[in-house]
Amino acid sequence: METGEIPSDELAGGFSPYLTIESGQTYRWTRSDGELYSGRRAPDAWYELAIDGEVVRVRSIETGLEWRSTTDAAPILRRRLRLDDDLDRIVDAAPDDPLVERAFDAHRGLRLVADPAFDTLISFICSAQMRVERINSMVDALAREYGTEIAFDGRIYHDFPTPAQLARATETELRDLGLGYRAPYVVETARMVADGEAHPAEAREMPYEDAREYLTRFVGVGEKVADCALLFSLGFDEAVPLDTWIRKAIASRYPECDRGSYAATSRAIRDRFGGEYAGYVQTYVFHHLRTGAEPVEPPT
DNA sequence: CGCCAGGCCTTAC
DNA sequence: GTAAGGCATGGC
């Protein structure tokens with residue numbers, strides 16, 4: 001086992017594993033006390049991730065981040081939890097808006113994640129009409145049933161399945177895992193990637209709206225799921241997924257941003273949220289409203 | 001029991 | 001291009 005620390009002074013603007021991992025962006029992590037998404041913080045709990053054949057554990061300590069892993073975890077953590085983002089700069093660049101400012105103040109230390117593209121696409125196909133706790137249980141089930149085993153510290157962990165591994169699943173099997181009508185979407189999208197017809201990572205080099213359009217070719221991927229994949233795995237910090245919570249916020253607080261179509265409304269709220277880092281703003285507002293930190297007023 | 005959850009698909013206009 | 005209806009499942 002390798003161990004190490006990342007000192008606080010290398011985390012510009014702070015970092016909260018709890019807020020970052022339990023804010024509905026990433027469904028690949030587990031928590032050592034099993035209380036993921038319980039709404040309860042546990043300062044001593046380890047967060048664990050199996051990725052690219054390695055296992056990483058991390059938790060906050062007084063002086064920064066402590067990690068234990070099958071390998072040198074520092075570069076993995078830096079990349080996947082975006083530890084090099086300067087949160088102070090991002091907060092300073094956010095628009096002058098009361099809801100946005102309250103969300104940033106209430107959840108300081110929340111960072112965007114940078115998960116693998118295929119994993120994220122599948123996770124958000126599962127997310128349709130589903131609460132975050134259940135999305136997490138679906139992704140857990142996929143990893144447990146189809147992912148490669150990794151041994152670490154006397155336990156067995158499961159990587160997220162590769163496209164080929166997931167393409168071997170049947171619709172019936174995934175329905176039995178509780179995926180419901182999303183089961184055939186997952187199987188077919190996995191098959192498309194495994195067969196080389198397309199790959200979500202192809203979107204990375206495209207202009208933002210072209211990238212979103214590209215991802216909708218996958219079954220079960222509409223504009224909203226595409227935006228989630230772009231924001232949480234492909235580096236499009238300007239992407240603003242229009243989910244139920246953001247739509248409620250638009251209806252009650254930014255009604256002029258409702259332009260009817262997804263594309264036009266997306267452009268309007270992206271502009272309202274500051275453009276370049278609008279997706280960062282969205283993630284704070286989403287978490288703020290979803291967790292009930294403040295109520296969403298009905299439209300006036 | 002009804003309603004809702006980080007929506008998408010098909011079909012009809 | 002936009003609108004309506006169907007779709008699995010579990011928690012409240």
Side-chain angles (χ1 to χ4, degrees), chain A residues 19-29 36-39 103 107 110 112-113 115 119-142 169-192 200 209 212-234 236 239-251 258-267 269-270 273 278-293 295-296 298:
Chain A
L19 290 171
T20 300
I21 293 169
E22 303 198 41
S23 52
Q25 313 176 58
T26 177
Y27 297 97
R28 301 207 40 195
W29 293 78
L36 210 57
Y37 292 114
S38 67
H107 312 290
L110 169 57
L112 283 179
V113 300
D115 274 338
D119 312 25
T120 303
L121 191 67
I122 296 297
S123 295
F124 280 92
I125 287 172
C126 292
S127 79
Q129 292 293 101
M130 203 48 59
R131 287 182 173 81
V132 294
E133 297 85 347
R134 292 199 55 212
I135 302 167
N136 194 77
S137 71
M138 290 181 188
V139 174
D140 270 353
L142 292 178
T170 67
E171 176 182 339
T172 301
E173 288 172 354
L174 298 191
R175 284 182 184 271
D176 288 344
L177 290 178
L179 268 67
Y181 61 79
R182 304 155 197 79
Y185 302 164
V186 168
V187 174
E188 178 60 9
T189 287
R191 186 204 61 73
M192 291 173 72
E209 291 193 346
R212 188 175 64 199
E213 176 65 22
Y214 174 80
L215 291 184
T216 62
R217 74 184 51 202
F218 294 104
V219 182
V221 180
E223 291 169 301
K224 186 270 172 186
V225 167
D227 266 332
C228 288
L230 294 177
L231 181 59
F232 303 135
S233 69
L234 291 168
F236 288 86
V240 179
L242 299 182
D243 63 87
T244 55
W245 290 101
I246 295 302
R247 287 182 183 278
K248 286 178 185 177
I250 291 172
D258 184 357
R259 307 293 170 83
S261 74
Y262 187 101
T265 302
S266 173
R267 281 192 285 269
I269 194 68
R270 185 163 70 252
F273 281 173
Y280 236 109
V281 173
Q282 186 272 2
T283 298
Y284 273 80
V285 171
F286 168 80
H287 180 70
H288 191 63
L289 299 179
R290 187 187 73 79
T291 56
V296 192

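Small disclaimer: the values here were computed from a predicted structure and weren't measured.
For the C1' atoms, the distance from B:dC1 to C:dG11 is 14 Å, rounded to whole Å. Rounded to the nearest Å, the gap between the P atom of B:dC3 and that of C:dG6 is 15 Å. C:dG5 and B:dG6: their P atoms are spaced 24 Å apart (whole Å). Across the P atoms, B:dC9 and C:dG10 are found 23 Å apart, a figure rounded to whole Å.
Using a 4.0 Å cut-off between a side-chain N of Lys or Arg and a carboxylate O of Asp or Glu, A:Arg212 and A:Asp227 qualify as a salt bridge. Looking at A:Asp119 and A:Arg28, a side-chain N of the basic residue comes within less than 4.0 Å of a carboxylate O on the acidic one, giving a salt bridge.
Side-chain atoms of A:Tyr262 and base atoms of B:dG7 include no donor and acceptor less than 3.5 Å apart.
Here the C1' atom of nucleotide C:dA8 and the CZ atom of A:Arg131 are 14 Å apart, to the nearest Å. Distance A:Arg182 CZ to B:dG7 C1': 9 Å, rounded to the nearest Å. B:dG6 atom P lies 14 Å from atom CZ of A:Arg247, rounded to whole Å. Whole-Å rounding puts the A:Met138 CE to C:dG11 P distance at 12 Å. The distance from atom CE of A:Met130 to atom P of C:dC7 is 15 Å, rounded to the nearest whole Å. Rounded to whole Å, atom C1' of C:dG10 lies 15 Å from atom CG of A:Leu177. What separates CG of A:Leu179 from C1' of C:dA8 is a distance of 10 Å, to the nearest Å. Taking atom OH on A:Tyr181 and atom C1' on B:dC8, their separation rounds to 7 Å, with Å as the unit.
A stacking contact between A:Trp245 and B:dG6 is absent: the pair does not combine a ring-centre distance of less than 5.5 Å to the base's six-membered ring with planes differing by less than 30°.
A:Lys248 has a side-chain polar atom (N or O) that falls below the 4.0 Å cut-off from OP1 or OP2 of B:dA5. Dashed line: the shortest gap from a side-chain N or O of A:Gln129 to OP1 or OP2 of B:dG7 is under 4.0 Å. Taking 4.0 angstrom as the limit, A:Arg175 places a side-chain polar atom (N or O) nearer than this to OP1 or OP2 of C:dA8.
Residue contacts shown for A:Gly24 include a base, since a base heavy atom lies under 4.0 Å away. At a threshold of 4.0 angstrom between heavy atoms, the contacts of A:Glu223 are confined to the sugar-phosphate backbone, with no base atom among them. In this structure, A:Tyr27 reaches the bases: a heavy-atom distance under 4.0 Å links it to at least one base atom across the strands shown.
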Pair A:Val186-A:Cys126, side-chain contact (heavy atoms from CB on, under 4.5 Å): steps then yes or no
CA-CA 8 Å; A:Val186 168; A:Cys126 292; 4.0 Å; yes
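For the pair A:Leu242 and A:Tyr185, nearest-nucleotide mapping onto DNA chain B gives the more 5' position to A:Leu242.
Summarising the geometry of A:Leu215 relative to A:Ala226, their closest heavy-atom pair is CD1-O, 3.7 Å, with the distance given to 0.1 Å.
Of the possible polar contacts, none joining the A:Gln282 side chain to the A:Ile246 backbone as a donor-acceptor pair under 3.5 Å is found. Between the side chain of A:Thr265 and the main chain of A:Asp258, no donor-acceptor pair closer than 3.5 Å is present.
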